[in-house]
Amino acid sequence: MHSHELGKAFEPQSFENSIYEFWEKNRCFEASDQSAPGQEPFCIVIPPPNVTGVLHMGHALTNTLQDILIRWRRMKGDNTLWLPGTDHAGIATQTLVEKAVAKEGKNASGRPLSRHDLGREKFVERVWKWKEDHGSQIKNQLKKMGSSLDWTRERFTMDEGLSVAVREVFVRLYQEGLIYRGERVINWCPRCQTALSDLEVVPTDRKGSFWHIAYRVVDESGKPVLNADQTPAQLVIATTRPETLLGDSAVAIHPDDERYFHLHGKKVILPLVGRQLPIILDAYVDREFGSGALKITPAHDFNDYEIGKRHDLPIVSVMGKEGRVTAEGGAFAGMKFAEAREAIVQQLQEQGFLVRVEDHAHKIGLCQRCDTVAEPIISKQWFVKIAPLAEPAIAAVQSGKIEFSPKSWEKTYFEWMNHIRDWCISRQLWWGHQIPAWYCGRCEGISVARETPTQCDHCQAPTSELRQEEDVLDTWFSSALWPFSTLGWPQSTDALKTFYPTAILETGFDIIFFWVARMIMMGIHFMGDVPFRKVYLHAMVRDEKGEKMSKSKGNVIDPLTVIQQHGADPLRFTLAMMAGQGRDIKLSVDRVEGYRAFCNKLWNATKFFHLQIHPDQGGPVEEPAGGLARWVLEQHQELLVHHQWILSRLQSTIQTVEASLEKFELNVAAQALYQFTWHEFCDWYIELSKLALREGGERRVQTIYILRYVLGELLQLMHPFMPFVTEELWQSLPWRAAASHATRKQLGLPDLTTLMLQPFPQFHEKLTHPGAEQMIASIQSIVEAFRNFRGENNISPKVEFSVKYCPGSAEADAFLRAHSTQIQFMSRIGNLVSVTPGTPEVSGESMIRISHPPLEFRIQLQGLVNVDEEVKRVEKEIEKLNGDLAFIEGKLSQETFLSRAPAALVEKERARQGDLLSKKLEMEKVLGRLRSLK
RNA sequence: UGGGCUGUAGCUCAGUGGGAGAGCACCACCUUGACACGGUGGGGGUCGUUGGUUCAAUCCCAAUCAGCCCAACCA
């Protein structure tokens, strides 16, 4: 890249893409498998987005935060690896392709084409093709964000290497007894036709009904039990799912429930079906709820399943996988669940079993992917026995080997991990890692192996007798291995040795259980060490009203649109500024526009520098011999006070940014950069430097040096946050040095003139200057007092007025003489002439007083302002002084304050009181004189 | 039911044991040789409520109200 003219204003579209290409072409993002001697590795693995995904604000946020950390550490010299990749996203992707296939035509029976019409092999081919066609979309979108990912290492959860890792893990866990196949109640999505894990079912509020159904009671011999009044005894049972009664195995009551003591040992007749069911006693039953009697359907309810096991009840499975009642359902067999419910309710009513129906609000589980009601059904599935894996994973966080930030999430983590249930990992899908288990047609034994076995493990039957498990693994199974599988595991690669454990995991809190916890478990189990040291959890991005963004609500703010309109840097800066927020980030485009203005400000500050070295303004200046940085460090004591001030303020900013990045307080760092750039560098330093620049000669050259130095440091400091605009501006500056980075040397790459590989600015103690800071603060308060006078009196900026000043000390006099031109320039006043202290006030003068240093300014009002306005201004000031005084006097009049508060504080308050008092007396005199004028 | 979070200016949010800040919005003035994506000045808050600890509380503690999130076996 070559130095070039800057455009009129910040126009991100004109340079963002070419800058990214420049970085990528020159291999700036690449890490080295082996760090240079003394070089630290720093690795973050990307939370892999769905391969078919489209970049949304959540991605934009997490990738901005990660890129900031990565770019910062890279500039600090680390061997930095940010590892990209995508997730195959089992159900999501399969559903997408199924929909596409359905649109293509109809099958022989006239229905839209389904995956079954294609067959497994063809369908999976189609998904791969889809992946090839659409998989690069998200990658290109990440590039638009400026993400400095090492694309040479891009991975995919179903690529060859990761598939090897998945099989390896499966086989080992199986051999260790931590994976088993078992028949259990699981959540089933009838639309997706697959089992779901507990986490993939979203409990959702629904209005439903509460059906109260009478079950007639009979004795051991099957005769109806009668009540005292000779009516038949019955148990009323309330349910929200009447269709499940077909699968009832018992009715449960609480053992201590006095109302039902007489029914112990009796049975009930299941309505419509006629089956006799035992009445069982179980303390699980809540006596307060409903009638206190509970129907037990072990095949279709998680709790009933447990109760059924306790009482050895038969399991009657009446709800089939295709969403219809099974043959066990007798007359209702073949009906869809909803139809069955209607029919059953109707028959119950007709036959007099329905006691009453109430409205009932309750939660039902919906499939996370398709919002279909997920039904608990009994089914044979593969599970991970989780407790032995969870234990060390809990310990790792307890011991601080892994730290969560914000720390409060650790509690959430413990809460879940301590109550964790076995993980159902099999999915009845075609897109995913097919489970490496083979069933023997001869002995029915299971052989689990890394590759297709040549014979049955149990009966040595040949391969031809073996049939591979059709199910695939839960997508999150492969994601759980991500931090080590992407680095080459199970092979012992250099990358794995260098970068595992990774440094930081940055992600949303919504996937702590899905992903973070599982990575910790798998990492510890297979690598013998945690997968990362720190877990940073960010908030959810919502719309400006705090509502979740969703396509159906139409409130989605599309990051790509925002980037196109305002640029990637303003978006990144906005997100960084908001990163400190607790759980929700309310994003509005207004904010982005605000930070676009900030970019424009930075742009124009740089343009200001360029103007100063333009031929019209005195022409180019040579870089100091030995380099600018060295010149600054050597010369800073000789410089004008505002130069010393800005250097000192810069040090303070460097310190804040560095410390905040270290603590992952990116918003604090961004805030400091914004404040410094706009309100110190632009508002004051550039303004203060204009006089010296006009003066020309040595002072102009010095000013150009400091401007260039501070600008350079600032661009470096800001680069991790706003990589594009900083690189673009930096490339325009003179005296750029080629960056020499250890990683590039390791990779055998030449040095490169780029900002992104420059060293991160360092704090220089010797450049801090409290004296200069104090002096500029004084100038600022004087200038602000004049501006206030002008503003409150509505004096046009064009009107210059003269001011007399009266110093309270020799130092104050010297100070003012030294800085009078600056003060005049900044506050646009004309003459500034001194009067000897004690000179009597002239009629028609008003006064401005400054405490540090002690100075009085007298302004002749005649012909300048309306006296009434100035009276108002002075009155306001006195009012404020009175308020301050009342507060301090109140404090100082308290005996307990004087005796118990720190002496230094008491002293400070006393001094302040004196100061305020004398100021007040002066202003009152001024007020008196002003009033006498009228 | 359990766990957690939040409550500060009109809006979005920082913040601290010694009389509250920013950005945006608002009002007034200003096209000044980097920038109107700009400059200058200004208005605006009993820091959810009530108690307690303290010389001193917006900040620490307790209670309470309001809103939100997560986990869960109330059919």
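Note that the structure is predicted; figures quoted are calculated from it, not measured. Protein chains get the first letters and strands the later ones, always in sequence-line order, with residue 1 at the start of each.
- Within the nucleic acid shown, Glu687(A) comes within 4.0 Å of at least one base atom, counting heavy atoms only.
- In the set G38(B), G23(B), U32(B), the nucleotide with an atom closest to the side chain of Ala597(A) is G38(B).
- Which of C37(B), C35(B), C5(B) sits closest to the side chain of Ser408(A) comes down to C5(B).
- Residue-to-nucleotide proximity on RNA chain B shows that, of Asn667(A) and Gly791(A), the 5′-proximal contact is made by Asn667(A).
- In this structure, Pro406(A) reaches neither bases nor backbone, as no heavy-atom distance under 4.0 Å exists between it and the strands shown.
- Judged by centroid separation below 5.5 Å and plane tilt below 30°, Phe887(A) stacks onto the base of G19(B).
- For A34(B), neither phosphate oxygen OP1 nor OP2 lies less than 4.0 angstrom from any side-chain nitrogen or oxygen of Trp678(A).
- The interatomic distance linking Leu571(A) (CG) with C37(B) (C1') rounds to 17 Å, in whole Å.
- If you check the side chains of Thr821(A) and Gln824(A), you find no donor sitting under 3.5 Å from an acceptor.
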- Item | Per-nucleotide protein contact string for nucleotides 70-75 of chain B, where B marks a base within reach and S marks sugar-phosphate only (heavy atoms under 4.0 Å, - for neither) | -S-BBB
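- In this model, the phosphate group of G38(B) is not approached by any side-chain N or O of Asn600(A) to a distance below 4.0 Å at OP1 or OP2.
- The partner of A25(B), taking Watson-Crick or G-U wobble pairs whose two distances both stay under 3.5 Å, does not exist in any strand shown.
- Using cut-offs of 30° and 60° for the angle between ring planes, the Tyr674(A) and His679(A) rings count as perpendicular.
- For G18(B), neither phosphate oxygen OP1 nor OP2 lies less than 4.0 angstrom from any side-chain nitrogen or oxygen of Lys891(A).
- Look at Lys601(A) and you'll find a side-chain N or O under 4.0 angstrom from OP1 or OP2 of G39(B).
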- Passes salt bridge (Lys or Arg N to Asp or Glu O under 4.0 Å), Arg287(A) versus Asp257(A)? Steps please. CA-CA 7 Å; Arg287(A) 278 170 280 181; Asp257(A) 194 335; 5.4 Å; no
- Query: Does the salt bridge (Lys or Arg N to Asp or Glu O under 4.0 Å) test come out yes or no for Arg356(A) and Glu358(A), once each step is laid out?
  - Reply: CA-CA 7 Å; Arg356(A) 65 174 190 280; Glu358(A) 294 170 347; 3.1 Å; yes
- Step-by-step salt bridge (Lys or Arg N to Asp or Glu O under 4.0 Å) determination, Glu877(A) to Arg873(A): CA-CA 6 Å; Glu877(A) 201 169 317; Arg873(A) 188 187 72 84; 3.3 Å; yes
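- Summarising the base pairing, G45(B) is matched to no nucleotide, lacking a Watson-Crick or G-U wobble pair whose two defining distances lie under 3.5 Å.
- With a cut-off of 3.5 Å on both Watson-Crick or G-U wobble distances, the partner of C60(B) is given as G52(B).
- Side-chain contact between Leu688(A) and Met826(A) is present, with heavy atoms from C-beta onward closer than 4.5 Å.
- OP1 or OP2 of G2(B) has not a single side-chain nitrogen or oxygen of Lys411(A) nearer than 4.0 Å.
- The environment of CG in Asp359(A) is sparse: at most 12 heavy-atom neighbours from other residues, nucleotides or ligands sit within 6.0 Å.
- Computed from coordinates, the Met578(A) CE to U12(B) C1' distance equals 6 Å when rounded to whole Å.
- Taking for each of Ile888(A) and Glu784(A) the nucleotide of RNA chain B with the nearest heavy atom, the 5'-most of the two is the partner of Ile888(A).
- As judged by a 4.0 angstrom heavy-atom cut-off over every strand, His679(A) is placed among residues touching the sugar-phosphate backbone only.
- Among the nucleotides C37(B), G18(B), C29(B), the one closest to any side-chain atom of Arg596(A) is C37(B).
- Looking at heavy-atom distances under 4.0 Å, Leu611(A) makes contact with sugar-phosphate atoms alone, never a base.
- Look at G38(B): its Watson-Crick or wobble partner, with both distances under 3.5 angstrom, is C30(B).
- In this pair, Phe598(A) and Phe573(A) present their aromatic rings tilted. The plane angle is within the 30 to 60° band.
- Distance CZ (Arg912(A)) to P (G18(B)): 13 Å, rounded to an integer number of Å.
- We find that CD1 of Ile795(A) is positioned 12 Å from C1' of G41(B), with the value rounded to whole Å.
- Residues Lys295(A) and Thr297(A) bring a donor and an acceptor atom of their side chains to less than 3.5 Å of each other.
- Scanning atom types as modelled, no donor and acceptor separated by under 3.5 angstrom connect the side chain of Arg790(A) and the base of U40(B).
- In this structure, Leu916(A) places its CG atom 13 Å from C1' of G19(B), rounding to the nearest Å.
- Minimum atom distance to the side chain of Pro902(A) is reached by G18(B), of the listed C68(B), G42(B), G18(B).
- When heavy atoms are screened at a 4.0 angstrom cut-off, Cys599(A) is found touching no nucleic acid atom at all.
- If you take NZ of Lys880(A) and C1' of G43(B), they are 15 Å apart, rounded to a whole angstrom.
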